[in-house]
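Below, chain A is the first sequence line, B the second, and so on; all start at residue 1.
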Protein chains: 2
Amino acid sequence: MRETDIEALRQLPLFENATAETLRVATAGALLQPFPAETTLLIEGAPSDCLYVLLDGQVELHASWNGSDTVLSIARPVSMFILAAIVLDADALMSARTLERSLIAMIPGDAVRTAMRLDPHFAGAVARELAGGYRGMVRSTKNIKLRNNSARLANYLLTLRAAGGFGAVVRLPYDKRVIASLLGMTPESLSRSFSALGTQGILVSGPVVTIRDVSALEAIAKPDPLIDMHAPRCAEIRADTDAEIWASEQTRTSCR
Amino acid sequence: MRETDIEALRQLPLFENATAETLRVATAGALLQPFPAETTLLIEGAPSDCLYVLLDGQVELHASWNGSDTVLSIARPVSMFILAAIVLDADALMSARTLERSLIAMIPGDAVRTAMRLDPHFAGAVARELAGGYRGMVRSTKNIKLRNNSARLANYLLTLRAAGGFGAVVRLPYDKRVIASLLGMTPESLSRSFSALGTQGILVSGPVVTIRDVSALEAIAKPDPLIDMHAPRCAEIRADTDAEIWASEQTRTSCR
DNA sequence: CGCGCATTTGAGGACTGTCAACTTCCGTGG
DNA sequence: CCACGGAAGTTGACAGTCCTCAAATGCGCG
């Protein structure tokens, strides 16, 4: 990798405050490589040789069982994937595939682990990165186990809205079938969930979704800062949430 | 905490190879405390002040939304919980409640973060711990998104069997309603899944489950080392799995 | 023994997935 | 420029899974 490319890695929180020396150690033998769309970079179950850093493009992380598969998350620049497998030098649990032409840096796992041993600050950054990833998976699990298809879609639209500056129009960043799988439903169910939201002021035209009534959407979504990154953290909502939790605790206790 | 209690923490991989100094820093101001059963230790959304280390007993980690709640995992000794929130000094995403009388060490979050800064090896241990937790959540998400109730229960029984030395009789470690929530179903569905397995040589008598025919159970479970910790990693199964993945990749590609 | 609680069983319905047909869109090539 | 083919998305019919509510059963403990 060239010097300027290595500097691009500083966009990652992981390398943001790393010393030049740590960056040099960590990226020893790293490759920078463009991949075409629809290219499988990594198959689940394979040993994880390299940490992947997505500098441009989109990569889908998915997993399969018994002939079906599901999208677990989608990486967008600048971010990395399979860090957990690299840290443990274990087999990958997910497959990775480009959704579009993507520019990817591949950093040898040994180099990452060496840098962790040498630089406590870097090891701390890895720990923080993994902590964030863990919490993301917790949010995702709560989303799937606690909400139905409509609520998941409604919150997803609110997430896109927040990421797009809270405008009335959002653009779906991936094909609908990918979004369906990410949200844990079939493409048909996604389509029906969209039309169900039609009565709540949601207009869908190809990849463009217009939100006419945010309140109506929020009534369905019931966003929660402990599940959704888009949910507001203001004191009122926190208080409501606590009250809810308290109430449900009481319910469980009284049922026992 | 007394010296002997602190030594108990060495049972954790996190502290296994820590220096005496790191252990001292990390456990500065730590408390060792017994809690009765059914006690809520931590409510989701609250700031995470302490890292909890479960030395004896059982603690359920659960989360709620819109009046319902779900069990995300259950901690067994010796293990810790809410490490991710501590590392990021963030609000807890899960509530914690004892299922039975439990002995718990509470380590101030500041002490943990300080130890991470001072000792690269400790920071690395935290990173490895979080990597393991992340991968556990990935497995759990795959389990929920890809499998139906019967397959989840069948794999859970195989997990218990593996943990119990592969005998024909396993004992359910928690109340059935807790297991149901952990597996993402209602108690009624768990009960019906159990009776459905009755035709496959599974006998249930209270908390005792007898597995008469492991092959029949495995036929339903279709265990996968990339989802289940109990699944064998032998070359044959790996080859089968790879073939499956390959096949599904081909399917997706040909469908495009 | 009787109460309380967990679990089971039954009935019914809501939700979601499957299968198939149809429409739309888009890029290709005549 | 338009016809065509293929894929994505939509719609309809249907089935199966799973949940909800309600009642019955069983078990443990005071």
**Q** Can you see if the side chain of B/T186 gets near the phosphate of D/dC19 - specifically, an N or O under 4.0 Å from OP1 or OP2?
**A**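 It does, given that an N or O in the side chain of B/T186 lies less than 4.0 Å from OP1 or OP2 of D/dC19.
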**Q** Side chain of A/K176, heavy atoms from C-beta onward: which of D/dT11, D/dG9, D/dC21 has the nearest atom to it?
**A**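 Closest nucleotide among those given: D/dG9.
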**Q** Any side-chain heavy atom of A/V178 within less than 4.5 Å of one from A/E60?
**A**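 Of all side-chain heavy-atom pairs linking A/E60 with A/V178, at least one is under 4.5 Å.
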**Q** With a 4.0 Å cut-off, would you call A/R97 and A/D69 a salt bridge?
**A**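 The answer is no: the pair does not qualify as a salt bridge.
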**Q** Taking A/R147 first and then A/D228, would you say they form a salt bridge - that is, a charged N and a carboxylate O separated by under 4.0 Å?
**A**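 Yes, A/R147 and A/D228 are salt-bridged.
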**Q** How long is the gap from CZ on B/F194 to CG on B/L157, to the nearest 0.5 Å?
**A**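 The CG atom of B/L157 is 5.0 Å from CZ of B/F194, to the nearest 0.5 Å.
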**Q** Has the side chain of A/E188 got a donor or acceptor that lies under 3.5 Å from a partner of the other kind on the base of C/dC19?
**A**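 Answer is yes: a donor-acceptor pair is held.
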**Q** Please give, in whole Å, the distance from D/dA8 C1' to A/L99 CG?
**A**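 Checked: the CG to C1' distance equals 15 Å.
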**Q** Return the value, rounded to whole Å, for the distance between atom CG of A/D175 and atom P of D/dA7.
**A**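 Interatomic distance, CG of A/D175 to P of D/dA7: 13 Å.
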**Q** Please report the distance, rounded to the nearest Å, between CG in B/L183 and P in D/dC18.
**A**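 So the two atoms are 12 Å apart, to the nearest Å.
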**Q** Take atom CZ of B/R177 and atom P of C/dA6, then tell me their distance rounded to the nearest Å.
**A**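 It is 5 Å, rounded to the nearest whole Å.
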**Q** Looking only at side-chain N and O atoms, does A/S191 come under 4.0 Å of OP1 or OP2 in D/dG9?
**A**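 No, no such contact exists.
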**Q** Kindly indicate whether the side chain of A/R192 and the base of D/dG9 share any N or O donor-acceptor pair separated by less than 3.5 Å?
**A**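 No, no donor-acceptor pair under 3.5 Å.
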**Q** Can you check the B/L190 CG to C/dT8 P distance for me, whole Å?
**A**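 For the pair B/L190 CG and C/dT8 P, the rounded distance is 7 Å.
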**Q** Separation of A/E38 atom CD from D/dA7 atom C1', in whole Å?
**A**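 My rounded result for the distance is 12 Å.
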**Q** For A/A92 and A/L42, which heavy atoms make the closest approach, and how far apart are they?
**A**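 Heavy atoms of A/A92 and A/L42 come nearest at CB-CD2, 3.9 Å.
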**Q** Going by the rule salt bridge (Lys or Arg N to Asp or Glu O under 4.0 Å), which residues pair with B/K142 if we only count those two or more places apart in sequence or in a different chain?
**A**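 With neighbours one apart ignored, the set is A/E44.
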**Q** Find the distance between CZ (A/R152) and CG (A/L146) and round it off to the nearest 0.5 Å.
**A**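 Answer rounded to 0.5 Å: 10.5 Å.
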**Q** Return the residues of residues 144-152 of chain A meeting this criterion: a heavy atom under 4.0 Å from some atom of DNA chain C. Order them by number, or give none.
**A**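 Only A/N148, A/N149 qualify.
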